[in-house]
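Below are the structure tokens for one structure; questions will follow.
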Amino acid sequence: MITFFYEPSTRTRASFEIAMHYLGGQIVFSTENAKEFSSVTKGETLQDTIQVLSNYQPDVFVIRYHQTGGLQALRSHTIPIINAGDGAGEHPSQALLDTYTIYQHTQTLDNLHIAFVGDIKNGRTVSSLSKLLAQYKNTTLYFVAPTHLQTSQDLQKYCHKHKVSYKLLHTIDDLPHDIHAIYMTRTQKERGSHIDDLSLYTLTPQRMQYFSKDTIVLHPLPRNGELPTSIDTDPRAKYLTDQVHNGLLIRMALLYKLLYK
Ligand code: NCD
């Protein structure tokens, strides 16, 4: 496996690499700061870079790219490529682990009510998870964000197409108390996002009292001010435990399915 990351990562790269180790495979080349330390600085295109690395015969690439949709250029590449996040686009393996974490707690993926809070517009995890949840029956999604960071028209169209009912909200306080999961996200500052009043999109212990004992809290991490550490000991908080652990399991399953069949 070759992991090639043009943007910073802790969990995604670590869990893919550890997953491959645990499966008995090897990471033959791994670059964390591809934008700074690879031939990209000399003007090499992504296609050329991956073509060159392909000659070293990996069985799979895991690539994180900084441009939304940029990995589409490699669509017909002969060696499998896993998208580990592309700009503000998609993060499919994160969606798999998030969905599995929800499933562990609800034992179903139908009739779910899930809330996304924060920078909906630029958070790629929200886009991928919404689209995956849309595949199941009677999904209801709540997008809680300031107007300028609300869901894209594309995602809303996707929801319409898949008969997903969704609501656009301006504060966490407008959510129903018996929602199945609250998916918190950080403000994507590196993509130019800014939230004036973060308190509307911050999950406090006081707000947690309002939600049901079965409402789980997820966050793809890293977090900023939107998810204070005072929530961490709440049994409904899954972001530092199950969600992270499932990242390893799901990526092991994904690599196994792809490579060992
Ligand atoms: C996310 C990402 O990189 O998209 N983190 C992750 O992969 N677990 C979330 C983020 O950066 O905000």
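Side-chain atoms are counted along with the backbone in the values below, which use heavy atoms only and exclude waters and symmetry mates. Numbering of residues begins at 1 and proceeds along the displayed sequence. Read the numbers this way: they start at 1 and go in the same order the structure lists the ligands and their atoms.
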Look at atom 8 (N) of ligand 1 and say which protein heavy atom is nearest, naming residue and atom and giving the distance to 0.1 Å.
P220 O, 2.9 Å
Using the side chain to side chain donor-acceptor pair (under 3.5 Å) definition, which of the options D86, N83, T3, T12 pairs with R64?
T12
Measure the distance from atom 7 (O) of ligand 1 to every protein heavy atom, then report the residue, atom name and distance (to 0.1 Å) of the closest one.
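Closest protein heavy atom to atom 7 (O) of ligand 1: H91 NE2, 2.8 Å.
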Answer side chain, backbone, both or neither: which part of R64 comes under 4.0 Å from ligand 1, heavy atoms only.
side chain
Q188 heavy atom under 4.0 Å from ligand 1
yes
Can N33 and E7 be counted as having a side-chain donor-acceptor contact under 3.5 angstrom?
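Distance-only check fails for N33 and E7.
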Indicate the atoms forming the closest heavy-atom contact of G24 with Y260, along with that distance.
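Smallest heavy-atom distance, with atoms named: C-OH, 4.4 Å.
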Nearest-contact summary for atom 4 (O) of ligand 1 - protein heavy atom, Å
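Sorting protein heavy atoms by distance from atom 4 (O) of ligand 1 puts R124 NE, 2.7 Å first.
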Does any donor atom in the side chain of D119 or S193 lie under 3.5 Å from an acceptor atom in the other side chain?
yes
Do L259 and M1 make a side-chain contact, defined as non-hydrogen atoms from C-beta onward lying under 4.5 Å apart?
no
Taking the cut-offs as 6.0 angstrom to the six-membered ring centre and 45 degrees off its axis, would you call K131 and Y158 a cation-pi pair?
yes
What atoms in ligand 1 come closer than 4.0 Å to a heavy atom of R186?
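Taking each heavy atom of R186 in turn, ligand 1 has 10 (C), 11 (O), 12 (O) under 4.0 Å.
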Which protein non-hydrogen atom lies closest to atom 5 (N) of ligand 1, naming both residue and atom, and how far is it?
L221 O, 2.8 Å
